[in-house]
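Note sheet for the following structure.
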Amino acid sequence: MTTAFAHPNIALIKYWGKQPQPGNLPATPSLSITLSNLVTTTRIDDAETDEFCLDGVVRDDAKVASFIRLLRNEFSIGQLKIDSTNNFPTSAGLASSASGFAALARAINSHCHLGLADQELSTWARRGSASAARSIFGGFVTLEPPNFHATSLADPNYWELQVVVAVTSRATKDVGSSAGMERSRKTSDFFTAWLETADSDFDEAMAAVRNRDFEKLADVSEKSCLKMHAVMLTSIPTLAYWNSTTISCMDSIRRLRADGTEVFFTNDAGPQVKAVCRPTSVNTVAQTLRDIPGVQDIVICGLGGGARLTPDAAQKNAPQLD
Ligand code: PMV
């Protein structure tokens with residue numbers, strides 16, 4: 001048995017939309033932070049027939065099945081029992097597919113002795129879910145053309161940021177991101193403008209991270225998030241991932257920021273709000289969001305490391321030297 005862990009990552013510069021060709025290639029570059037605390041744990045063992053179990057329930061998951069099929073086209077992989085658990089709500093805009101496919105790729109790489117280095121592993125994780133490519137690495141991570149394997153921009157301890165996640169619903173989302181992206185590409189009048197400005201947003205964010213400039217990172221991250229939601233909302237039928245509590249949280253974060261607290265919001269294909277802040281602001285931000293009616297839970301994360309094996313699995317499956 002082999003066990004791997006991976007954390008979700010939150011994009012500050014978002015990816016939304018795919019290139020119209022095989023390979024699950026994003027249409028835009030993205031920049032993310034990998035979170036600590038939220039974690040997917042994936043255990044893999046040899047089996048008589050394939051079985052995938054998520055959060056204790058055996059599932060027929062088309063994305064996982066297709067990921068394993070793709071790997072089997074290239075590598076000799078036997079039947080596998082995969083048991084994956086999240087310590088946070090699944091499919092609710094908390095990037096469970098990112099941590100899920102990163103942990104799965106890391107576990108299979110070791111269990112089946114594929115011998116893939118991190119960048120190749122990231123390319124494989126991307127085939128499962130593009131954002132998973134980024135969760136192979138910790139800290140600040142980019143996913144950009146032409147190769148679209150993720151790259152580590154800076155370690156978790158490069159710049160102390162924290163993320164306060166306000167959970168506003170535990171419901172599974174109605175429209176998953178791949179279907180949503182395709183809908184946006186086909187129907188949103190804003191999709192072309194989104195593509196045209198993606199590179200300059202990415203460059204601005206890279207500069208802000210390099211200079212540890214919180215205000216600049218805050219401005220460009222909120223802009224990228226709001227542009228992505230403008231594209232989602234103008235898709236037909238609309239992709240409305242927010243609820244009224246999401247909007248209240250965003251309003252409160254804007255007020256905190258206007259009063260001088262170092263914080264900004266970002267949210268993804270779901271109603272949860274992620275408030276990115278400096279450690280000095282984390283208590284104020286958490287208290288403010290906790291008091292908003294409709295907020296069900298507050299989770300505080302720092303920046304975490306990349307997808308990894310348990311120490312015993314790493315040792316057991318390490319390549320043997322002659
Ligand atoms: O990797 P996917 O297919 O789950 O898409 C993720 C898309 C967003 O989370 C909305 C944005 C991003 O870059 O992570």
Side-chain angles (χ1 to χ4, degrees), residues 6-19 22-35 38 40 54 61-64 66-67 86 88-105 122-137 140-145 148-151 153 163 165 172-185 188 191 194-195 198-199 201-202 205 220-233 235 239-242 246 265-274 276 307:
H7 301 293
N9 68 78
I10 302 297
L12 303 182
I13 299 302
K14 307 290 186 188
Y15 130 68
W16 189 254
K18 296 178 196 289
Q19 293 183 33
N24 203 24
L25 293 157
T28 59
S30 55
L31 188 157
S32 61
I33 47 179
T34 303
L35 304 181
L38 306 182
T40 300
L54 177 61
D61 186 306
K63 280 176 89 177
V64 171
S66 129
F67 180 65
N86 294 322
F88 59 96
T90 297
S91 293
L94 282 175
S96 55
S97 65
S99 51
F101 279 103
L104 183 58
S122 169
T123 300
W124 275 103
R126 190 196 73 222
R127 309 290 293 273
S129 168
S131 56
R134 300 184 308 235
S135 275
I136 294 294
F137 299 97
F140 297 78
V141 182
T142 60
L143 182 63
E144 53 177 322
F148 281 107
H149 54 62
T151 305
L153 176 61
V163 182
V165 182
T172 305
K173 61 189 162 203
D174 294 338
V175 184
S177 18
S178 292
M181 287 179 201
E182 191 53 9
R183 187 185 294 180
S184 294
R185 188 176 72 79
S188 170
F191 192 73
W194 163 249
L195 297 185
D199 285 351
D201 290 348
F202 179 79
V220 72
S221 300
E222 288 191 353
K223 183 169 69 169
S224 175
C225 167
L226 291 172
K227 277 200 267 190
M228 179 182 76
H229 283 278
V231 171
M232 291 164 161
L233 286 165
S235 301
L239 295 163
Y241 287 113
W242 300 346
T246 314
F265 63 77
T266 189
N267 36 43
D268 293 285
Q272 329 304 0
V273 179
K274 294 105 186 189
V276 182

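Both ligands and their constituent atoms are indexed starting at 1 by order of listing.
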Smallest separation among heavy atoms of Thr34 and His7, with atom names: CG2-CB, 3.8 Å
For atom 11 (C) of ligand 1, the protein heavy atom that lies nearest, with its residue and separation: Tyr15 O, 3.3 Å
Phe101 and Phe67 aromatic ring geometry - parallel, tilted or perpendicular at 30°/60° bounds: perpendicular
Contact partition for Arg134 relative to ligand 1, non-hydrogen atoms under 4.0 Å: side chain
Sub-4.0 Å atoms of ligand 1 with respect to non-hydrogen atoms of Ser129: 1 (O), 2 (P), 3 (O), 4 (O)
Step-by-step salt bridge (charged side-chain N to carboxylate O under 4.0 Å, His left out) determination, Asp201 to Lys14: CA-CA 9 Å; Asp201 290 348; Lys14 307 290 186 188; over 6 Å; no
Sub-4.0 Å atoms of ligand 1 with respect to non-hydrogen atoms of Met228: 10 (C)
Val231 and Trp16, any side-chain heavy atoms less than 4.5 Å apart: yes
For Val165 against Gln272, the heavy-atom pair lying closest together: CG1-CB, 4.4 Å
Residue and atom name of the nearest protein heavy atom (relative to atom 4 (O) of ligand 1), distance in Å to one decimal: Ser177 OG, 3.1 Å
Least distance between heavy atoms, Thr266 atom then Cys225 atom: OG1-CB, 3.8 Å
Proximity to ligand 1 by part of Ser131, non-hydrogen separation under 4.0 Å: both
Shortest non-hydrogen contact between Ala130 and Leu143, atoms and distance: O-CD2, 3.5 Å
Residue and atom name of the nearest protein heavy atom (relative to atom 9 (O) of ligand 1), distance in Å to one decimal: Asp268 OD1, 3.5 Å
Enumerated ligand 1 atoms positioned under 4.0 Å from heavy atoms of Ser97: 4 (O)
Contacting atoms of ligand 1, where contact means under 4.0 angstrom from a heavy atom of Ala11: 12 (C), 13 (O), 14 (O)
Per-atom contacts, ligand 1 versus Met181 - under 4.0 Å to a heavy atom: 3 (O), 5 (O), 7 (C)
